[in-house]
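As the structure is a computational prediction, the values presented were derived from the model and not from experiment.
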Amino acid sequence: MSTAGPGARPYRPAAATAAATLAGPDTPFAVVDAAKVRRNAERLARRAGRLGVTLRPHVKTAKSLPVAALLHDAAGPGPVTVSTLAEAEAFADGGHTDITYAVGIARHKLPRVIALLRRGVTLRVLLDSAAQADFVAEAAREGGIAVPALIEIDCDGHRGGLKPDAPELPAAGRVLHDAGCLDGVLTHAGESYFAYTAEDRRLAAENERDSAVAAAGRLRRAGLPVHVVSVGSTPTAHAAEDLTGVTELRAGNYLFFDLVMAGLGVCDLDDLALSVTVTVIGHRPEYGWIITDGGWMALSRDRGTSAQPQDQGYGLVTDLAGRPIPGLVMTGASQEHGTLTARDGAPLPDLPVGTRLRVLPNHACATAAQHQGYHVVDGARTTGPAPEIQAYWPRVTGW
């Protein structure tokens with residue numbers, strides 16, 4: 001397993017790339033504004049502090065050790081959430097020792113989990129069935145080491161999890177506890193990504209909290225200890241007003257944000273820290289198109305804003321300095337070609353072949369996954385039409 005994709009360059013501090021700007025690298029490529037990442041991170045960290053809970057960022061969005069380093073500063077590596085064992089291994093190699101693997105566990109993955117536990121990493125697994133509880137308990141006994149497990153709670157009918165009142169919840173908890181593995185409960189308000197008002201997001205956060213706390217209460221009344229009560233999604237994390245009974249808050253998209261989050265009102269366009277730099281390669285005036293070299297291989301196929309009041313196509317277009325170009329939207333994508341059009345029949349801006357642009361994505365996680373790393377700029381210090389590249393940060397890849 002590698003912590004960087006094939007051919008990805010190692011991290012380079014600003015001094016090594018002082019002369020480079022976004023006008024230089026071959027397009028398309030991903031750009032991260034470190035100043036915005038810091039601002040987004042600090043915003044949620046302050047909120048978690050006010051609510052009295054531990055913040056456990058989900059690193060599946062950035063998949064980057066340098067991005068994670070921005071979260072903890074001099075304090076060193078802190079708690080994180082991951083979505084693959086490759087991420088768990090890479091972040092453990094980077095010094096993280098408190099990791100939650102927040103995807104349902106499969107039996108064949110347990111040897112890698114146990115290997116990390118034997119390295120001194122606290123790696124929690126997630127499950128939502130008696131069968132999973134049985135094989136986690138079996139693996140722990142056979143390996144002679146506890147496998148910390150969280151029971152996933154379904155708070156809104158989204159994906160996996162047991163309902164808080166599910167009859168099998170205490171039984172699964174008992175199997176884990178008897179093997180020394182029960183650590184707590186975890187839930188994720190996936191339907192909050194369709195909460196279009198502040199009140200809807202507040203109610204989603206309350207339901208998320210109440211579901212997790214209720215499940216923890218059932219386990220405790222059955223005589224089972226519950227140490228961790230974990231909740232979180234980017235929309236609910238920014239809407240929660242009271243997390244009584246909760247121990248930790250999770251979110252991941254918030255580090256970069258994206259057009260889906262902006263469309264929900266969770267953030268502003270100026271908070272979006274990830275973009276993709278593309279080059280104009282052609283024009284089709286008879287169709288009202290500008291063609292770029294950034295298709296769905298650069299932006300992803302995600303059309304997450306299509307169900308929102310304002311459909312943003314495949315992304316909003318900015319100039320190279322990050323200033324939105326009014327009305328210009330990426331409305332079409334083939335594998336390597338992007339199609340830009342103007343909203344409502346407005347005339348297209350004059351963008352000659354060779355013009356570089358940046359595209360703000362619908363879904364930061366999906367767009368980041370198309371790239372091996374990020375060219376990093378600092379929007380707080382950059383001036384001029386072509387921002388200076390401060391560093392290159394590789395992403396964690398592999399399975």
Are L186 and V53 connected into the same hydrophobic cluster when the rule is that any two of I, L, V, M, F, W, Y join if their side-chain heavy atoms are below 4.5 Å apart? no

Same apolar cluster: L126 and V80, side chain cutoff 4.5 Å: no

Could you check whether any side-chain heavy atom of F256 comes within less than 4.5 Å of a side-chain heavy atom of Y374, counting everything from C-beta outward? yes

Side-chain heavy atoms of V32 within contact of V37, under 4.5 Å: yes

Has [X] got a side-chain atom pairing as donor or acceptor with [Y]'s backbone, closer than 3.5 angstrom?
{"X": "T279", "Y": "G354", "result": "no"}
{"X": "S300", "Y": "D302", "result": "yes"}
{"X": "D33", "Y": "A273", "result": "no"}
{"X": "D268", "Y": "A262", "result": "no"}
{"X": "S192", "Y": "A195", "result": "no"}

Check the surroundings of atom CZ in F194: do more than 12 heavy atoms from other residues, nucleotides or ligands lie under 6.0 Å from it? no

Please enumerate all residues that pass side chain to side chain donor-acceptor pair (under 3.5 Å) together with T367, with sequence neighbours excluded. none

Taking side chain to side chain donor-acceptor pair (under 3.5 Å) as the test, write out the residues that go with T247, two or more places apart. none

Tell me, please, which residues at least two apart from [X] pass ring-ring contact (aromatic ring centres under 6.0 Å, His included).
{"X": "Y193", "answer": "none"}
{"X": "F91", "answer": "H96"}
{"X": "H238", "answer": "F257"}

Donor-acceptor contacts, no H, no angles, side chain residues 135-156, under 3.5 Å, sequence neighbours left out:
| from | atom 1 | to | atom 2 | distance (Å) |
| --- | --- | --- | --- | --- |
| D154 | OD1 | D156 | N | 3.2 |
| D154 | OD1 | G157 | N | 2.7 |
| D154 | OD1 | H158 | N | 3.4 |
| D156 | OD1 | H158 | N | 3.3 |
| D156 | OD2 | G190 | N | 3.1 |
| D156 | OD2 | E191 | N | 2.8 |

Suppose we screen for side-chain contact (heavy atoms from CB on, under 4.5 Å). Which residues come up paired with [X], at least two apart in sequence or across chains?
{"X": "D134", "result": "V175"}
{"X": "W289", "result": "R284, Y287, I291, T339, T341"}
{"X": "P285", "result": "H283"}
{"X": "T244", "result": "D242"}

Transitive ILVMFWY cluster of L340 at side-chain heavy atoms under 4.5 Å: who else is in it? V276, V278, V280, I290, L299, Y314, V317, I325, L328, M330, L348, L351, L357, V359

Any side-chain donor-acceptor pair under 3.5 Å between [X] and [Y]?
{"X": "S306", "Y": "D311", "value": "no"}
{"X": "D258", "Y": "N253", "value": "yes"}
{"X": "T305", "Y": "Q308", "value": "no"}
{"X": "E248", "Y": "S230", "value": "yes"}
{"X": "E208", "Y": "T236", "value": "yes"}

So side-chain hydrogen bond (donor to acceptor under 3.5 Å, both in side chains) across residues 165-186, not counting sequence neighbours, yields R124-D183

